[in-house]
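We number each residue from 1, following the sequence as shown.
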Amino acid sequence: MQFFRKGEPFREKIHLIRTIMMGYRRFFRFLVITVLFWSGSTLVWSQNQKPNTPPPSTTRILFIFDASQSMYGRWQSDTKFNIAKKIMSEWLDSISVIPNVELALRLYGHQRTFPPQDCTDTKLEVPFAPGNASKIKAKLRAIEPRGTTPLAYALEQAANDFPPRENCRNVIVLITDGIEECGGDPCAVSTLLQSKGIILKPFIIAIGNDFNQAFGCVGTYFDATVESNFRHALQIVITQALNPTTAQVNLFDSKGIPNETDVAMTFYNALSGKAIYQFIHTLNYRGVPDTLMLDPLITYKLVVHTIPAITVDSIRIVSGKHNNINANAPQGYLLLKAGTNNQLRNIPCIVKQKGKSEILNVQQIGERKKYLTGKYQLELLTIPRLKVDSVEIKQSHTTTVEIPEPGIAVLRKQFQGVGSLLLFENNQYRLVYDLNEGLNQEVLYLQPGSYCAVFRLKNSKTTLFSIEKKFTIESGKTTDVSFF
């Protein structure tokens with residue numbers, strides 16, 4: 001390329017070079033800004049696509065410790081009370097360094113000597129606070145077993161030990177060597193506290209005796225008939241209380257393969273009814289249901305938001321193993337088509353399961369929607385309403401329903417009046433539309449058929465002045481109906 005003309009003055013040559021260089025600088029500046037803009041946009045987009053992870057919840061563990069007179073009983077190397085508080089103190093040291101954990105201590109049977117029996121002998125001795133393990137150990141060293149065993153009352157009072165706070169997991173660990181002695185019902189109290197969402201399922205460690213029959217309904221029971229069992233039980237309890245457990249939701253198709261996916265799921269606390277987790281079901285890069293992390297202390301009800309919804313109740317997560325949650329969810333598609341007539345696209349279609357009255361969905365014409373396999377009833381809100389009695393949805397198949405193209409009726413009224421549109425079928429007339437009193441002309445999209453329009457002037461007080469117009473509607477054709 002020749003930049004300079006022969007004989008061009010040197011000063012003009014220099015000016016031309018500067019102009020070219022400035023052009024290059026502007027170009028490179030534009031290029032850098034563009035690259036930075038798109039890089040920044042990509043960075044922001046990728047950051048926005050990160051999983052929406054809420055801040056870690058605080059686990060609050062309330063130890064309800066038996067300090068009744070029976071804890072003075074001999075148990076292998078020492079008294080039950082001394083062994084229990086020694087092992088528990090060891091575990092308090094290890095728990096105290098774990099982040100997002102707060103501890104508290106409630107005792108019962110430690111304030112009044114038995115006899116006489118005091119069935120209100122319980123007290124929160126160390127409230128929840130960060131780093132208070134040393135206070136709990138000091139309190140355990142300072143007390144002596146004295147009284148009775150008001151288990152149900154202690155559990156009931158424990159409801160007040162958890163100050164209201166968001167994003168908390170409230171756990172009770174009950175350590176006892178005996179059963180209820182005051183006529184209360186620990187099972188009923190535990191169920192009530194769980195149903196109100198105050199606590200998660202409690203843990204019960206029974207010292208020296210097997211009380212599974214009495215405590216199985218209260219929560220997760222551990223039998224510590226010997227010292228080593230107590231230590232092991234406490235280890236398991238703390239592990240389960242602090243660590244979530246893996247699970248996957250298998251949505252089976254009609255062949256029993258977990259291929260169904262891309263649907264919303266809600267995990268509820270089965271007792272309290274509170275929604276705990278919301279997910280969109282996903283198949284991971286290996287094509288299998290993705291792994292979830294679930295709290296093992298909750299009994300769940302799972303609702304898979306298919307159409308219709310699927311419910312899996314009473315799901316119990318086993319801590320320390322990978323859990324499979326199964327649901328049959330074979331699905332196919334329904335597509336409503338209406339040819340080239342755009343006027344029908346705004347007409348809704350009511351979808352119900354065949355033989356049931358509940359409305360499952362309102363689908364628009366032209367929309368392709370997924371449903372569980374089975375038979376459905378459709379009702380399109382055309383004039384008149386069009387019903388399709390039995391539409392079968394098959395696995396991974398699109399069922400297409402063609403809506404007949406309507407005709408057009410132009411109803412002209414020179415004066416305002418009262419009128420109705422009747423459809424003639426099965427040798428009878430039935431009402432399908434009431435004319436608009438305030439309009440002199442109406443354009444209606446009607447399904448093919450035989451009609452009769454009946455009209456009377458609004459101010460006329462004589463029934464015999466009614467005007468009757470019969471006409472036929474054909475697909476794609478326009479019919480004029482004039483009353484005068």
Quiz prompt | Test side chain to side chain donor-acceptor pair (under 3.5 Å) applied to S190 and Q194, step by step | solution = CA-CA 6 Å; S190 174; Q194 292 181 70; 3.0 Å; yes
Self-check item: Evaluation steps, side-chain contact (heavy atoms from CB on, under 4.5 Å), between L446 and L421
Solution: CA-CA 11 Å; L446 304 177; L421 183 62; 3.8 Å; yes
Quiz item: Between P145 and Y72, which heavy-atom pair has the shortest distance, and what is it?
Solution: O-CE1, 3.4 Å
Practice problem: Return yes if some donor-acceptor pair links the side-chain N/O of E102 with the main-chain N/O of R60 below 3.5 Å, else return no. | Solution: no
Quiz prompt | Under 3.5 Å: donor-acceptor pair, side chain of T59, backbone of R169 | solution = no
Practice problem: Give a yes or no on whether L381 atom CG has more than 12 heavy-atom contacts from other residues, nucleotides or ligands under 6.0 Å away. | Solution: yes
Quiz item: Would H322 and Q248 satisfy side-chain contact (heavy atoms from CB on, under 4.5 Å), going step by step from the backbone distance to the final call?
Solution: CA-CA 8 Å; H322 185 69; Q248 70 182 54; 3.0 Å; yes
Exercise. Please indicate whether Q117 has more than 12 foreign heavy atoms, meaning atoms of other residues, nucleotides or ligands, lying under 6.0 Å from its CD.
Key: yes
Practice problem: Give a yes or no on whether the ring-centroid distance for F222 and F215 is below 6.0 angstrom. | Solution: no
Quiz prompt | Considering all heavy atoms, the nearest C349-L378 contact | solution = SG-CB, 3.8 Å
Using a 3.5 Å cut-off and no angle test, enumerate the donor-acceptor pairs between side-chain atoms of residues 107-115 and protein atoms at least two apart in sequence or in another chain.
residue: Y108; atom: OH; partner: D66; partner atom: OD2; Å: 3.3
residue: Y108; atom: OH; partner: T176; partner atom: OG1; Å: 2.9
residue: H110; atom: NE2; partner: E125; partner atom: OE2; Å: 2.7
residue: Q111; atom: NE2; partner: D121; partner atom: OD1; Å: 2.9
residue: R112; atom: NE; partner: D118; partner atom: OD2; Å: 3.0
residue: R112; atom: NH1; partner: D118; partner atom: OD2; Å: 3.2
residue: T113; atom: OG1; partner: R146; partner atom: NE; Å: 3.3
residue: T113; atom: OG1; partner: R146; partner atom: NH2; Å: 3.2

Exercise. Determine which pairs satisfy ring-ring contact (aromatic ring centres under 6.0 Å, His included) with at least one residue from residues 140-185, sequence neighbours left out, and list them in order.
Key: F128-F162
Quiz prompt | Stepwise side-chain contact (heavy atoms from CB on, under 4.5 Å) check, L294 with I325 | solution = CA-CA 12 Å; L294 301 180; I325 302 169; 4.1 Å; yes
Quiz item: Between T261 and H281, is there a donor-acceptor pair closer than 3.5 Å when you use the side chain of the first and the backbone of the second?
Solution: yes
Practice problem: Please indicate whether K369 has more than 12 foreign heavy atoms, meaning atoms of other residues, nucleotides or ligands, lying under 6.0 Å from its NZ. | Solution: no
Practice problem: Would you please say whether a donor-acceptor pair under 3.5 Å links the side chains of N100 and T58? | Solution: no
Quiz item: Is a side-chain N or O of S94 found less than 3.5 angstrom from the main chain of W91, in a donor-acceptor match?
Solution: yes
Quiz item: So which heavy atom on A224 is nearest to which on N229, and how close?
Solution: CA-CB, 3.7 Å
Quiz item: Rounded to the nearest 0.5 Å, what separation is found between the CG atom of L105 and the CZ atom of F63?
Solution: 8.5 Å
Quiz item: Among side-chain atoms of E227 and S77, is any donor-acceptor pair under 3.5 angstrom?
Solution: yes
Self-check item: Distance-only polar pair, side chains of T122 and Q157, donor-acceptor under 3.5 Å
Solution: no
Quiz prompt | Atom pair CE (M71) and OG1 (T149), whose distance is rounded to the nearest 0.5 Å | solution = 9.5 Å
Exercise. Might you work through the salt bridge (Lys or Arg N to Asp or Glu O under 4.0 Å) test for D93 and K137, ending with a clear yes or no?
Key: CA-CA 9 Å; D93 290 332; K137 290 194 295 181; 2.5 Å; yes
Self-check item: Polar side-chain atom of N170 near backbone of I198 as donor-acceptor pair, under 3.5 Å
Solution: yes
Quiz prompt | Contacts of E425 that satisfy salt bridge (charged side-chain N to carboxylate O under 4.0 Å, His left out) - sequence neighbours left out | solution = R430
Exercise. Would you name the heavy atoms of A329 and L251 that are closest together and state the gap between them?
Key: CB-CB, 4.1 Å
Practice problem: Using salt bridge (charged side-chain N to carboxylate O under 4.0 Å, His left out) as the criterion, list what pairs up with E379, not counting sequence neighbours. | Solution: R385
Quiz item: Ignoring hydrogens and geometry, is there a side-chain-to-backbone donor-acceptor pair from W75 to T225 under 3.5 Å?
Solution: yes
Quiz item: Within a radius of less than 6.0 Å around CZ of R286, do more than 12 heavy atoms belonging to other residues, nucleotides or ligands occur?
Solution: no
Exercise. Evaluate the ring planes of Y429 and F424, with Trp represented by its six-membered ring, and classify them as parallel (under 30°), tilted (30 to 60°) or perpendicular (over 60°).
Key: tilted
Practice problem: Using a cut-off of 6.0 Å, state whether more than 12 heavy atoms not belonging to K352 lie near its atom NZ. | Solution: yes
Self-check item: Smallest separation among heavy atoms of P308 and L372, with atom names
Solution: O-CD1, 3.3 Å
Quiz item: Should the pair Y371 and Y376 be assigned to parallel (<30°), tilted (30 to 60°) or perpendicular (>60°) ring geometry?
Solution: tilted
Quiz item: Does the N132 side chain pair with the main chain of K135, one donor and one acceptor, at a distance under 3.5 Å?
Solution: no
Self-check item: Heavy-atom donor-acceptor pair, N323 side chain to V318 backbone, under 3.5 Å
Solution: yes
Only pairs under 3.5 Å count here: list side-chain donor-acceptor contacts from residues 297-305, not counting sequence neighbours, and write none if there are none.
residue: Y300; atom: OH; partner: D295; partner atom: N; Å: 3.0
residue: Y300; atom: OH; partner: D295; partner atom: O; Å: 2.7
residue: H305; atom: NE2; partner: T266; partner atom: OG1; Å: 2.8

Exercise. Taking side-chain hydrogen bond (donor to acceptor under 3.5 Å, both in side chains) as the test, write out the residues that go with K196, two or more places apart.
Key: none
Self-check item: Considering all heavy atoms, the nearest T148-S68 contact
Solution: O-CB, 3.2 Å
Quiz item: What do the steps show when you test F252 against N250 for side-chain contact (heavy atoms from CB on, under 4.5 Å), and what is the final call?
Solution: CA-CA 6 Å; F252 294 117; N250 300 311; 3.8 Å; yes
